[in-house]
Structure formats: structure tokens, C-alpha cells
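One structure below.
Counting begins at 1 with the first residue of the sequence.
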Amino acid sequence: RHPLATFFHLFFRVSAIITYLFCDWFSNSFVACFVTVLLLLSFDFWSVKNVTGRLLVGLRWWNQIDEDGKSRWVFEAKRVSLLIRTASTEAEARIFWLGLIICPVIWTVFFFSSLFSLKLKWLALVIAGISLQTANLYGYIHCKLGGSKSISRASSRFFVK
């Protein structure tokens, strides 16, 4: 149902990883490589948080500042009936979750690789990659679990009454 969203969900992630791996072959400028990968990671973070999560799995999260100045995180899960789910949406959901889980693992491997090979200038970029990827992963896991918790709370309140 959303092939373009699925494409961009994977495009920015894979592009950032490939650019990180092969940037030294195409450019001698560390700054150009750093900025390119950081832009790709930022585009990925924004697109996953604001577009693909909502379209592919019906989840979204954001930070809201209340009137008294307190920061509050909001996690939402759209209710999807079982009749509406099709094989294409199930495949898109699997692609979404696999991309969301595998990419932070890859950036963690890059972290240890750059740490043990003493390429310390790349650590800042790898830490940024891990941070952005795991922030989305954490947000969507919280959405997924939070949505089921609210449903279970509602059902338990119903039975108590």
C-alpha cells in the first residue's frame, strides 16, 4: 500500500551505511564524508519518525511541552482491525521493524570497529548514528508496548466495573 514510504524507510538507512563504508574511496575529505553521512542519518531519523512509522505500522511519537514548561513524551498506536491487514501491509510492517532493529546493530558494530582500529575521528559520527537509530527504535518499541498496555488497562477497567 505504501511502496514509496517503504523505499525511503530503507533508502536513507542503507545509503548512510554504504556512504560510511565507501566514502574514503570516493573522497579524501573527512568533513565531506562526515557531513554527508550525518545528513543521511538526519533524513532517515526525520522520515522514519514523521512519515514511515505512521504509514507502515500506524505508530508515532513526539515530545510535547506543557503549559507549565514540563516536557512530556507522547506515544500513539493506531488501532488496526484484523480485517484491514493484508499481506502487503504485513510485509511492509516486517520491513519496517527489520530496518529499525538491524541498523542500530550495524552502527554498534561500526562503533567497536572504529574503536578497536583506533579511527577515533569516526567515533563521533558512529555515536550520532547509534543515537539517532536507537532513539527511533526506542520510540517505536514504546509505542508498540504502550498501545497494548492502554488496551489491557481499558479491558481490565471494564472487567472491574
Side-chain angles (χ1 to χ4, degrees), residues 1-23 25-26 32-66 70-113 125-159 161:
R1 290 179 21 177
H2 303 289
L4 194 61
T6 306
F7 170 76
F8 280 110
H9 176 70
L10 295 176
F11 174 75
F12 291 126
R13 292 173 173 267
V14 173
S15 296
I17 291 169
I18 290 172
T19 304
Y20 174 78
L21 287 173
F22 299 116
C23 195
W25 289 5
F26 300 111
C33 294
F34 189 93
V35 170
T36 304
V37 174
L38 195 59
L39 280 173
L40 288 168
L41 287 169
S42 300
F43 293 156
D44 171 62
F45 179 80
W46 182 87
S47 67
V48 170
K49 182 183 170 303
N50 294 317
V51 179
T52 62
R54 189 176 300 167
L55 292 176
L56 299 179
V57 290
L59 302 173
R60 66 182 184 159
W61 60 274
W62 68 91
N63 184 1
Q64 184 174 348
I65 307 296
D66 293 335
K70 291 183 181 178
S71 176
R72 185 172 66 98
W73 290 93
V74 180
F75 302 96
E76 282 187 356
K78 182 173 75 171
R79 292 184 185 182
V80 179
S81 81
L82 295 174
L83 299 174
I84 295 175
R85 296 211 102 161
T86 62
S88 66
T89 57
E90 287 293 328
E92 288 174 348
R94 267 189 244 112
I95 290 170
F96 177 83
W97 286 108
L98 282 174
L100 208 62
I101 293 168
I102 290 172
C103 288
V105 172
I106 292 172
W107 284 103
T108 304
V109 169
F110 290 162
F111 173 80
F112 288 113
S113 172
L125 180 63
V126 172
I127 289 171
I130 291 171
S131 301
L132 291 171
Q133 300 280 322
T134 54
N136 263 334
L137 179 62
Y138 173 78
Y140 282 111
I141 287 175
H142 207 12
C143 287
K144 187 77 169 165
L145 296 178
S148 62
K149 284 182 187 175
S150 64
I151 292 171
S152 66
R153 285 183 195 153
S155 62
S156 65
R157 287 183 195 152
F158 174 76
F159 287 120
K161 288 181 181 178

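Under the 30°/60° scheme for interplanar angles, the aromatic rings of Trp73 and Phe75 are found to lie parallel.
Taking the six-membered ring wherever Trp is involved, the centroid distance between the rings of Phe43 and Trp46 does not fall below 6.0 Å. Two rings, from Trp61 and Tyr138, have their centers 6.0 Å or more apart.
Nearest heavy-atom pair across Arg13 and Gly99 is NH1-O, 3.1 Å. Smallest separation of non-hydrogen atoms from Glu92 and Arg1: OE2-N, 3.0 Å. Between Leu41 and Ala16, the shortest heavy-atom contact is CD2-CB, 4.0 Å. Nearest heavy atoms, Pro104 versus Leu100: CD-O, 3.1 Å.
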Let's go through Tyr20 and Val126 carefully: what are the C-alpha distance in whole Å and the side-chain angles of both, what is the deciding distance for side chain to side chain contact (heavy atoms under 4.5 Å, CB included) to 0.1 Å, and is it a yes or a no? CA-CA 9 Å; Tyr20 174 78; Val126 172; 3.5 Å; yes
From CA spacing to verdict: side chain to side chain contact (heavy atoms under 4.5 Å, CB included), Asp44, Leu132: CA-CA 9 Å; Asp44 171 62; Leu132 291 171; over 6 Å; no
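Residues satisfying the side-chain contact (heavy atoms from CB on, under 4.5 Å) criterion with Thr108, sequence neighbours excluded, are Phe112, Ile130.
With hydrogens and angles ignored, the 3.5 Å screen pairs a side-chain donor or acceptor of Tyr140 with a backbone N or O of Val48. Counting only distance, with no hydrogens or angles, the side chain of His2 and the backbone of Leu56 share no donor-acceptor pair below 3.5 Å. Panel note: side chain Gln64, backbone Val74; no donor-acceptor pair is recorded below 3.5 Å.
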